[in-house]
Amino acid sequence: MITITLPDGSEKKYVAGISAMDIAKGISEGLARNVLAAKVNGNLQDALLPIMEDARVQLLTWNDQEGKATMWHSSAHLMAEAIELLYPGVKFGIGPDIENGFYYDIDFGDYSISDNEFPKIENKMLELARQKQVFTRREVSKQEALDYFTKKGDPYKIELINDLEDGRITFYESGNFTDLCRGPHLPDTGHIKAVKLLSIAGAYWRGDETRKQLTRIYGITFPKKQELTDYLALLEEAKKRDHRKLGKELELFAFSPRVGLGLPLWLPKGAELRGRLEDFLKLVQRKAGYEQVITPHIGNVNLYKTSGHFQKYGADSFRPISTPVEGEEYFLKPMNCPHHCEIYANKPHSYKDLPIRYAEFGTVYRYEQSGELHGLTRVRSFTQDDAHIFCTPDQVKDEFKSVMDIVMKIFNALDFKDFITQISLRDPLNPSKYIGSDENWEKAEQAIMEVAQERGLETVIAYGEAAFYGPKMDFMVRDALGRKWQLGTIQVDYNLPERFELEYTGSDNEKHRPVMIHRAPFGSMERFVAVLIEHCAGNFPIWLTPEQAIILPISEKYNDYAEKLLKLLKNSDIRAQIDWRSEKTGRKIRDAEMKKVPYMLIVGEKEEAEGLVSVRKHGDGDLGSMTTEAFIERISTEVREATSEL
RNA sequence: GCCGUUGUAGCUCAGGGGUAGAGCACUUCCUUGGUAAGGAAGAGGUCAUGAGUUCAAAUCUCAUCAACGGCUCCA
């Protein structure tokens, strides 16, 4: 007999060799029907696998993320089985579950499949699912595994098997489909009740650009049809928040092929919004001891040779421009740091001057591959809310902390709660990618880890994601469609001060090398605004929104009153406009609602006679009438309260 | 850069080998109104660009460009 401990702490005795599924059946038939996989002593495994010794057992259903993952992983197998039946001879790469669904990388040979063939595959999958095919796990030797796929003629699987350790290789068989797989899998395919293939894409084999590109098919499955319907509706909703769509509708920014790829044009309203964000950060930075600087958009190529950027990125940059007579080469600036280093070097510094914090909204230009460009989140010209802090080694930690506080202040002010903090360190296996001494790297990595810990920040550590000159801490958020984007960044750099031979005189009257911290709380204005648009679905906070109120005269008779009102609002620094059109009130309201203007001020006979405004709030409806003064007070208070913490 | 899909009016989209359609937006006129679309008329397009097939191409073929979904990359 063995003792099984369930998550609620209860213990039960069973005969050895019992499966998680048997345990579920002992609790209730309903539960057994819903069990997708199990966790035994913390290890995810098949619900049908025998348990031989005392164990903690957790039954996983659709309500557990790991249950979903198992379902989707099995769905990838199901799709592969369907595709193998419909397109005999295809070769399979890998087919994992992902955050929302699964994919399988497939080599279709010369055939190019299109998404109008999806329904055919979906139907075949459902047909196979209804057969309730059992997933059978089998341990195989390496030789056996190689033999099987050699016979089948699947080079990708053979390559995968060659990288595996003998004795740890398992096959899973469902219906007529056998796949190399670690598992776990569903008890049977009958759990899959709704199937949707989502998209088709090229994907390099093993993510390597130099290798063959396979066809990746993405899909998602559910245990109930209704859940699929809900999921598709959710996707539709998310599309409405897409900053590219809202940016067009709200007239915030645009692109023009004549101006060039990835070069955003900020329209008046977008520029207003961005300007407010910049003003806000300038205020925060002034309080935190930053000084604004301004540097040119180009720099001599030697500047970037000194910084090391030329060697690293020169080939992937916009081609240099040159002076017509002397032929001197200049680069569009891809970074602000070299310029700021030269500002530091402009005069000798004492330790008493440090830390020195130079801030600049610096527009930089980077050649991004054409296929990478994406709305405002990935562009070729963008403005960093950049600053460089020059300090003594002893000051690094405190400075790092105070930068983190600025980032948190911004995220709080804009209600960004769902973000990931990532610490990016060197790739220990590939030290040649980085410049600078081991000792300096270690010091910097240590400082970041300590600060994160002291601030109690939950972080993920990413090895190999560091910049070539130093480790960093990045703040990432998701867009409406779930894609991750990096916003704020803080980077410790012991290398540039070295390369630029920056110095300060210490209290010992000796020359010392300062440490540099690069930081950008927004990251780039473009990307930040994109994420902000999606975060608030275009309903910007009152202190940021380009248009705070719109005055809607009931008829042209009240235009004079509207104009008087507008003057009063402008005098109180409220951003407002008048809808002059000879349209009915209902129409003006509808249009203002569509434009997401926070306040609509309706004025007619009654308002004019009594000096009132009738106030309607976006999304909330009629608030009734109030005196003009009361409205101005209301909106001013709202703005004050929103910005008081900043 | 690579794979796939798409490209028709400012926007959203229908059509499809025989000289271009709708709704919204725009202009003018009528209307002067009370909390999510008042009415009428008008203007607007080398059907992304270039080549090919054809008596005839917006429609079929190819190439180029761009957008979109991914992959790779991201100082």
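Just so it is clear, the values below take in all heavy atoms, side chains as well, and ignore hydrogens, waters and symmetry mates. Numbered from 1 within each chain, the chains take letters A, B, ... in sequence-line order. These numbers were taken from a predicted model, which means no experiment stands behind them.
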Is A:Y469 stacked on the base of B:A75 when the test is centres under 5.5 angstrom and planes under 30 degrees? no

Side-chain N or O of A:R244 versus OP1/OP2 of B:A67: is the shortest distance under 4.0 Å? no

Heavy-atom donor-acceptor pair, A:E368 side-chain to B:C74 base, under 3.5 Å: no

Could you measure between the two P atoms, the one in B:U61 and the one in B:U6, and give it in whole Å? 11 Å

Working note: A:Y469 + A:H518, criterion ring pair (Phe, Tyr, Trp, His ring centres under 6.0 Å); need CA distance, chi angles, decisive distance, verdict. CA-CA 11 Å; A:Y469 53 72; A:H518 309 240; 4.8 Å; yes

Of all the choices, B:A36, B:A75, B:G70, which nucleotide is nearest to the side chain of A:P334 once you look at every atom? B:A75

I'd like a table of atom pairs between the protein and nucleotides 41-50 of chain B - only N or O on both sides, under 3.5 Å - with the distance next to each one.
none

Can you name the atoms? Protein N/O to nucleotides 4-13 of chain B N/O, anything below 3.5 Å, with the distance.
none

Please classify the nucleic acid contact of A:R258 as base, sugar-phosphate, or nothing, using heavy-atom distances under 4.0 Å. nothing

For a quick check, tell me whether the side chain of A:R380 and the base of B:C74 share a donor-acceptor pair closer than 3.5 Å. no

Scan residues 382-390 of chain A against RNA chain B and write down, sorted by residue number, each residue with any heavy atom closer than 4.0 Å; if none is found, say none. none

Strictly below 4.0 Å, heavy-atom distances to any atom of RNA chain B: list the hits from residues 594-610 of chain A, or just say none. A:I602, A:G604, A:E605, A:K606, A:E607

Report yes or no: is there a donor-acceptor pair, N or O only, under 3.5 Å between the side chain of A:Y204 and the base of B:G70? no

I'd like to compare against my own output: the B/S/- annotation of nucleotides 26-32 of chain B with a strict under-4.0 Å heavy-atom distance to protein. -----BB

Which part of the nucleic acid does A:E249 contact within heavy-atom distance under 4.0 Å: base, sugar-phosphate only, or nothing? nothing

Treat a base pair as Watson-Crick or G-U wobble with both distances under 3.5 Å, then lay out RNA chain B in dot-bracket form, 5' to 3', with | for cross-strand pairs. (((((((..((((....[..)))).(((((.......))))).....(((((..]....))))))))))))....

Between B:A36 and B:G70, how far apart are the C1' atoms? Round to whole Å, please. 39 Å

Has the side chain of A:R378 got a donor or acceptor that lies under 3.5 Å from a partner of the other kind on the base of B:C74? yes

Look at the side chain of A:R616 against the base of B:A36 and say whether a donor-acceptor pair falls under 3.5 Å; ignore hydrogens and angles. yes

Roughly how many Å apart are B:C71 and B:A58, using the P atom of each and rounding to a whole number? 38 Å

Reckon A:L261 touches a base, only the sugar-phosphate, or nothing at all at heavy-atom distances under 4.0 Å? sugar-phosphate

Do any N or O atoms from the side chain of A:R216 and from the backbone of A:G202 form a donor-acceptor pair under 3.5 angstrom? no

